[in-house]
*Asks:* 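Structure below; questions to follow.
Everything quoted here is computed from the prediction, not taken from an experiment. The chains referred to below are lettered A, B, ... by the order of the sequence lines, with proteins before strands, and numbering in each begins at 1.
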Number of protein chains: 2
Amino acid sequence: MTSAHERRSYEQFCPVARALDLLGERWTLLVVRELLAGPCRFTDLRAHLPGMSPALLTQRLRALEDEALVRRTELPPPAARTVYELTERGRALEPVVYELGRFGIAYLTHAGPTPQPPMHLLALGLKLFVVLEALPGRAFVVHLALDEGDFTLRISAPAHGPAIGRVAIDAGTPAQFDARVRASLSTILWLRQGVMTLAEARAGGLLEVDGPARGVAAACALFGLETAA
Amino acid sequence: MTSAHERRSYEQFCPVARALDLLGERWTLLVVRELLAGPCRFTDLRAHLPGMSPALLTQRLRALEDEALVRRTELPPPAARTVYELTERGRALEPVVYELGRFGIAYLTHAGPTPQPPMHLLALGLKLFVVLEALPGRAFVVHLALDEGDFTLRISAPAHGPAIGRVAIDAGTPAQFDARVRASLSTILWLRQGVMTLAEARAGGLLEVDGPARGVAAACALFGLETAA
DNA sequence: CCGCATCCGTTTCGATACTG
DNA sequence: CAGTATCGAAACGGATGCGG
């Protein structure tokens with residue numbers, strides 16, 4: 001009984017069912033979400049996943065390790081000892097988490113219990129707003145000057161692999177940018193949810209986009225904002 | 001406690017967590033997978049989801065209805081009475097299921113318990129092999145002549161919305177096609193999983209691609225097959 | 001402190017049987 | 001055909017403990 005698993009499976013010859021065999025249990029994909037942002041210690045994961053018991057976190061990490069989606073690394077003395085990180089196979093989950101997030105945007109209610117979303121969720125959330133179909137055919141930098149903080153959105157040059165791999169977001173202000181967006185998170189959310197139009201937001205001073213003319217248009221497209229009319 | 005739900009939520013201000021609040025319970029996404037193929041009766045769903053108890057199916061369908069992802073329609077007398085189908089919001093789940101499936105391909109073991117996968121899973125599975133980044137910029141038809149049956153893969157012209165919306169697969173043989181692929185499902189699976197190279201498959205007579213020259217190259221790209229070397 | 005393991009009450013799930 | 005009802009088994013959530 002050492003292996004503990006041979007977990008409950010759907011027993012179907014279907015890629016979707018197989019994926020859910022691996023990822024479908026509670027918390028699993030949220031653990032992956034955390035690890036997509038970079039290596040984490042056990043305690044970091046706990047802090048970012050309130051409500052998850054440590055035993056369950058251990059169990060999920062072991063299962064992910066067994067599937068070679070996560071790797072546990074023991075660091076030499078100086079730093080905190082063990083960190084968890086995604087393997088290359090694990091990083092293949094980025095599109096899955098991305099699409100889940102894209103879908104979830106429509107169901108985000110901003111009058112939630114969290115007064116100020118934690119920084120790392122903010123960065124992830126902003127990444128989800130990017131419309132992959134509208135990525136420019138070249139590298140591109142956007143300065144997101146939100147009320148909640150400054151972020152740098154970098155689109156790298158086209159490459160092989162999933163398009164989401166071209167998108168990176170970090171806290172901070174870029175030295176140069178192709179476009180700059182000033183708004184609050186609420187405004188961006190409302191625009192995406194259709195609560196408000198781009199014209200209304202601009203008229204109300206809730207959103208400003210500036211930079212080189214072509215950059216502005218590209219930035220709007222990037223966030224799915226219609227510039228017409 | 002009339003509403004019965006107010007189900008367990010992750011309580012995070014994060015689109016991924018919100019999506020999993022709606023979809024993260026066991027069986028939910030497999031129900032969605034079934035409905036993506038078209039409207040279904042209760043009994044059809046049961047037949048395609050062995051192991052799921054009817055009570056649980058009812059519960060999942062009610063929850064999806066409450067979220068306006070699924071609609072229940074009562075048909076007039078002639079036909080079997082009630083059918084379930086995805087709403088427009090529900091159809092927004094196609095990219096989620098698609099990416100899960102893309103990920104799951106790598107974990108499909110063909111020596112499974114199912115001797116012959118059911119037709120509807122076969123069609124879904126084939127759709128998952130299509131590489132969305134490689135969709136041609138025009139309409140395109142591929143005849144998939146598999147050992148398991150004939151399928152017609154239709155790529156429609158570029159449009160708004162998710163790229164997966166351009167891909168459709170049906171059983172049957174097309175009157176005209178831009179390319180034809182002859183292979184078995186195993187071969188396609190092995191190629192994708194890297195068990196075998198395209199050159200090896202062709203040399204061994206396991207795979208043939210014919211049609212107009214440009215069609216062949218496009219078809220290979222469509223399935224992520226390197227034609228070089 | 002960090003990285004877990006153990007215990008226990010509650011919730012969810014799976015299997016089967018039964019009904020309008 | 002389209003569900004309900006029931007019940008034992010498994011999974012989960014929360015608190016607590018414990019060695020390095």
*Asks:* Taking N or O atoms only and anything under 3.5 Å, show me the protein contacts with nucleotides 11-13 of chain C, one pair per line.
*Replies:*
from	atom 1	to	atom 2	distance (Å)
dC13(C)	OP1	R60(B)	NH2	2.8
dC13(C)	OP2	R60(B)	NH2	2.8
dC13(C)	O3'	R8(A)	NH1	2.5

*Asks:* Under the rule for side chain to side chain donor-acceptor pair (under 3.5 Å), what residues qualify as partners of S186(A), not counting sequence neighbours?
*Replies:* H110(A)
*Asks:* Quick test of your reading of the model: are E65(B) and R71(B) salt-bridged, counting only N-O distances below 4.0 Å?
*Replies:*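 No, E65(B) and R71(B) are not salt-bridged.
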*Asks:* Evaluate whether atom CZ of R91(B) has more than 12 neighbouring non-hydrogen atoms of other residues, nucleotides or ligands under 6.0 angstrom away.
*Replies:*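 Above 12, so yes.
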*Asks:* dC4(C) C1' sits how many Å from L49(A) CG, rounded?
*Replies:* 16 Å
*Asks:* Hey, is the side chain of Y84(B) poking within less than 4.0 Å of OP1 or OP2 on dG3(D), counting only N and O atoms?
*Replies:*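 Yes, Y84(B) has a side-chain N/O under 4.0 Å of OP1/OP2 on dG3(D).
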*Asks:* For T152(A) and D170(A), which I'm curious about, is there any donor-acceptor pair between the side chains at under 3.5 Å?
*Replies:* no
*Asks:* Is the closest basic N to carboxylate O distance between E67(A) and R62(A) below 4.0 Å?
*Replies:*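 R62(A) and E67(A): not salt-bridged.
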*Asks:* From CZ of F42(B) over to C1' of dA2(D), roughly how many Å is that when rounded to an integer?
*Replies:*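 Between C1' of dA2(D) and CZ of F42(B): 6 Å.
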*Asks:* Tell me if the CD atom of E74(B) is crowded by more than 12 foreign heavy atoms within 6.0 Å.
*Replies:* yes
*Asks:* Give the nucleotide from the list dG3(D), dA2(D), dC2(C) with an atom nearest to the side chain of T58(B).
*Replies:*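 Of the options given, the side chain of T58(B) lies nearest dG3(D).
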*Asks:* Mind listing the N/O atom pairs, protein and nucleotides 14-20 of chain D, below 3.5 Å?
*Replies:*
from	atom 1	to	atom 2	distance (Å)
dG14(D)	OP2	G51(A)	O	3.2

*Asks:* Show every ring-ring contact (aromatic ring centres under 6.0 Å, His included) that has at least one partner inside residues 18-59 of chain B, sequence neighbours left out.
*Replies:* Y10(A)-W27(B), H48(B)-H120(B)
*Asks:* Rounded off to whole Å, could you give me the CG-to-P distance for the L61(A) and dA5(C) pair?
*Replies:*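 After rounding, the reported distance stands at 11 Å.
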*Asks:* Would you check if Q193(B) and L108(B) make a side-chain contact, meaning some heavy-atom pair closer than 4.5 Å?
*Replies:* yes
*Asks:* Out of curiosity, I169(B) CD1 to L124(B) CG, how far, rounded to the nearest 0.5 Å?
*Replies:* 9.0 Å
*Asks:* Using five base pairs at each end to define the local axes, how bent is the helix from dC1(C)-dG20(D) to dG20(C)-dC1(D), to the nearest 10°?
*Replies:* 30°
*Asks:* Starting at CZ of R41(A) and ending at P of dC2(C), how long is that distance when rounded to a whole Å?
*Replies:* 6 Å
*Asks:* Side-chain N or O of R62(B) less than 4.0 angstrom from OP1 or OP2 on dG3(D)?
*Replies:* yes
*Asks:* Phosphate oxygens OP1/OP2 of dG3(C): is one of them under 4.0 Å from a side-chain N or O of T82(A)?
*Replies:* yes
*Asks:* Would you call R41(A) and E85(A) a salt bridge, using N to O less than 4.0 angstrom?
*Replies:*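 Here R41(A) does not pair with E85(A) in a salt bridge, since their nearest N and O are not under 4.0 Å apart.
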*Asks:* Report the distance from atom CZ of R72(A) to atom P of dG3(C), rounded to the nearest whole Å.
*Replies:* 10 Å
*Asks:* Give me each pair satisfying ring-ring contact (aromatic ring centres under 6.0 Å, His included) with a member in residues 154-173 of chain B, each pair once, sequence neighbours excluded.
*Replies:* none
